[in-house]
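Everything below concerns the one structure shown next.
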There are 2 protein chains.
Amino acid sequence: MEKQPHCECEVIHADVVQAVKQQLLGEETYMSLATLFKLFGDSTRVQILHALEQHELCVCDLAALLGMTKSAISHQLKSLRLARLVKYRRDGQNVYYSLADDHVKKIIDMGCEHISE
Amino acid sequence: MEKQPHCECEVIHADVVQAVKQQLLGEETYMSLATLFKLFGDSTRVQILHALEQHELCVCDLAALLGMTKSAISHQLKSLRLARLVKYRRDGQNVYYSLADDHVKKIIDMGCEHISE
DNA sequence: TCAACAGTTGAATATCTGTTCAACCATTTG
DNA sequence: CAAATGGTTGAACAGATATTCAACTGTTGA
């Protein structure tokens, strides 16, 4: 996660490197992107997201669906919630989760396309 | 990464769970998706990918651009190579890397859209 | 052939991350 | 109010992962 330690080599193509550097986004942007994609980088979480893509579900439903404990699911939902990938509503004892926006679907679809090439 | 340990709770909405289950993809598909997205889930790697989106670059260029050692960059490129996200060509002492297909760009763009909402 | 440099690799280390466990809060129902 | 159930939380542990380091390969040019 650290950056600028040092670079032991010479720049081979100074001009190209300079040009590309102009196009690069800020440090924090790459951090945010990584943080976002990290959430898709776990089979439990993608599965949760893909399930919620089909229908809103409560924690117990998800636990049953994935064969996992409510606790494990709840921990993962918390991460997804903090990243605003899912939203929730409480109805009685149940908390229903659903996707926060459709970027999630688009990203998963794009991933599916890539792996099925 | 493990699955079916047990679920301590009852299924609340058996019908919905059943319906969603039908729509779910295979276990291995979610694994593959997670493996793919995990590669985008590191700021060094997204930065490499985003840089290569602009122009093909050799390892030294990337090292200089990101302020990291050639070794660190090379290790990451290996992961990206194995996942067929980047391709490379050797020219003399230099090895030039570039994006393997345009899903990479689409996925990163989608990510940018999400974080800039 | 040898030196120099680009790049790769494997082992080691420090850090991060996912699940479990136990305790807890929230809501409903008797 | 008490019991039952859905859900959340924090600490702890095990497994994964990114960078470093040192050794190595491959290519060029003297």
Side-chain angles (χ1 to χ4, degrees), chain A residues 1-13 17 30-31 34-48 56-83 86 88-97, chain B residues 1-13 17 30-31 34-35 37-48 56-83 86-97:
Chain A
M1 285 308 186
E2 275 307 320
K3 266 331 174 29
Q4 45 267 31
H6 70 287
C7 168
E8 85 279 28
C9 66
E10 307 298 317
V11 181
I12 313 274
H13 311 85
V17 170
Y30 293 113
M31 289 293 229
T35 302
L36 171 66
F37 287 123
K38 208 168 289 181
L39 289 167
F40 290 81
D42 173 84
S43 63
T44 299
R45 281 190 301 259
V46 245
Q47 212 172 336
I48 290 176
E56 99 177 336
L57 292 165
C58 67
V59 179
C60 262
D61 291 340
L62 281 166
L65 197 60
L66 306 204
M68 297 179 70
T69 63
K70 285 180 293 183
S71 178
I73 298 291
S74 185
H75 274 297
Q76 300 296 19
L77 285 170
K78 182 175 190 177
S79 309
L80 298 174
R81 219 190 306 138
L82 291 176
V86 301
Y88 64 99
R89 68 180 178 85
R90 172 154 224 140
D91 181 23
Q93 295 186 86
N94 298 309
V95 177
Y96 292 90
Y97 282 87
Chain B
M1 283 307 191
E2 276 305 321
K3 264 337 174 28
Q4 45 268 28
H6 69 289
C7 167
E8 83 279 27
C9 65
E10 308 299 316
V11 181
I12 313 275
H13 312 84
V17 170
Y30 292 113
M31 289 294 231
T35 301
F37 287 122
K38 209 169 289 184
L39 290 167
F40 290 82
D42 174 83
S43 62
T44 298
R45 282 190 300 261
V46 244
Q47 211 172 338
I48 290 176
E56 96 177 339
L57 292 164
C58 68
V59 179
C60 262
D61 290 341
L62 281 167
L65 197 60
L66 306 205
M68 296 179 70
T69 64
K70 285 181 294 185
S71 179
I73 298 290
S74 185
H75 274 297
Q76 299 295 18
L77 285 170
K78 183 174 190 179
S79 308
L80 297 173
R81 219 190 306 137
L82 291 176
V86 301
K87 58 179 193 279
Y88 65 99
R89 67 182 179 85
R90 172 156 223 138
D91 180 23
Q93 294 185 88
N94 299 309
V95 178
Y96 293 91
Y97 282 86

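Note that this is a predicted model, so its numbers are computed, not measured. In what follows, chains are A, B, ... by sequence order, proteins preceding strands, each numbered from 1.
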Between the base of dT9(C) and the side chain of Ser71(B), is one N or O donor paired with an acceptor at under 3.5 angstrom?
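It does, because a donor-acceptor pair links the side chain of Ser71(B) to the base of dT9(C) below 3.5 Å.
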Atom pair [atom1] ([X]) and [atom2] ([Y]), whose distance is rounded to the nearest 0.5 Å:
| X | Y | atom1 | atom2 | value |
| --- | --- | --- | --- | --- |
| Leu66(A) | Tyr30(B) | CG | OH | 9.0 Å |
| Tyr96(B) | Lys87(B) | OH | NZ | 15.5 Å |
| Leu80(B) | Ile48(B) | CG | CD1 | 6.0 Å |
| Leu82(A) | Thr35(A) | CG | OG1 | 11.5 Å |

[N] OP1/OP2 closer than 4.0 Å to side-chain N/O of [X]:
| X | N | answer |
| --- | --- | --- |
| Arg90(B) | dA6(C) | no |
| Gln76(B) | dT17(D) | no |
| Lys38(B) | dT17(D) | yes |
| Thr69(A) | dT20(C) | yes |
| Thr44(B) | dT19(D) | yes |
| Arg45(A) | dT17(C) | no |
| Tyr97(A) | dG6(D) | no |
| Lys78(A) | dT8(D) | no |
| Ser74(B) | dG7(C) | no |

Is His75(A) stacked on the base of dT19(C) when the test is centres under 5.5 angstrom and planes under 30 degrees?
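According to the criterion (under 5.5 Å, under 30°), no, His75(A) does not stack.
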Taking [atom1] from [X] and [atom2] from [N], how many angstroms apart are they, rounded to a whole number?
| X | N | atom1 | atom2 | answer |
| --- | --- | --- | --- | --- |
| Leu82(A) | dG18(C) | CG | P | 13 Å |
| Met68(A) | dC21(C) | CE | P | 12 Å |
| Met31(B) | dG18(C) | CE | C1' | 13 Å |
| Asp42(A) | dT17(C) | CG | P | 11 Å |
| Leu66(A) | dT20(C) | CG | P | 12 Å |
| Lys70(B) | dA18(D) | NZ | C1' | 19 Å |
| Arg89(A) | dG7(D) | CZ | P | 12 Å |
| Arg81(A) | dG7(D) | CZ | P | 12 Å |

By nearest nucleotide on DNA chain D, pick out whichever of Gln93(A) and Leu77(A) is the more 5' one.
Gln93(A)
Is the NZ or CZ atom of Arg45(A) both under 6.0 Å from the centre of the six-membered ring of Phe40(A) and within 45° of that ring's axis?
no
I want to check something: taking the side chain as every heavy atom from C-beta on, are Leu62(B) and Leu77(B) in contact at a cut-off of under 4.5 Å?
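Yes. Closest side-chain heavy atoms under 4.5 Å.
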Map Tyr96(B) and Ala72(A) onto DNA chain C by nearest heavy atom, then report which one ends up closer to the 5' terminus.
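Of the two residues, Tyr96(B) wins.
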What nucleotide, of dG7(D), dT20(D), dT20(C), holds the atom closest to the side chain of Asn94(A)?
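The listed nucleotide nearest to Asn94(A)'s side chain is dG7(D).
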Heavy atoms only, 4.0 Å cut-off, all strands: where does Tyr88(B) land among base, sugar-phosphate and nothing?
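No contact at all - Tyr88(B) keeps every heavy atom at 4.0 Å or more from the nucleic acid.
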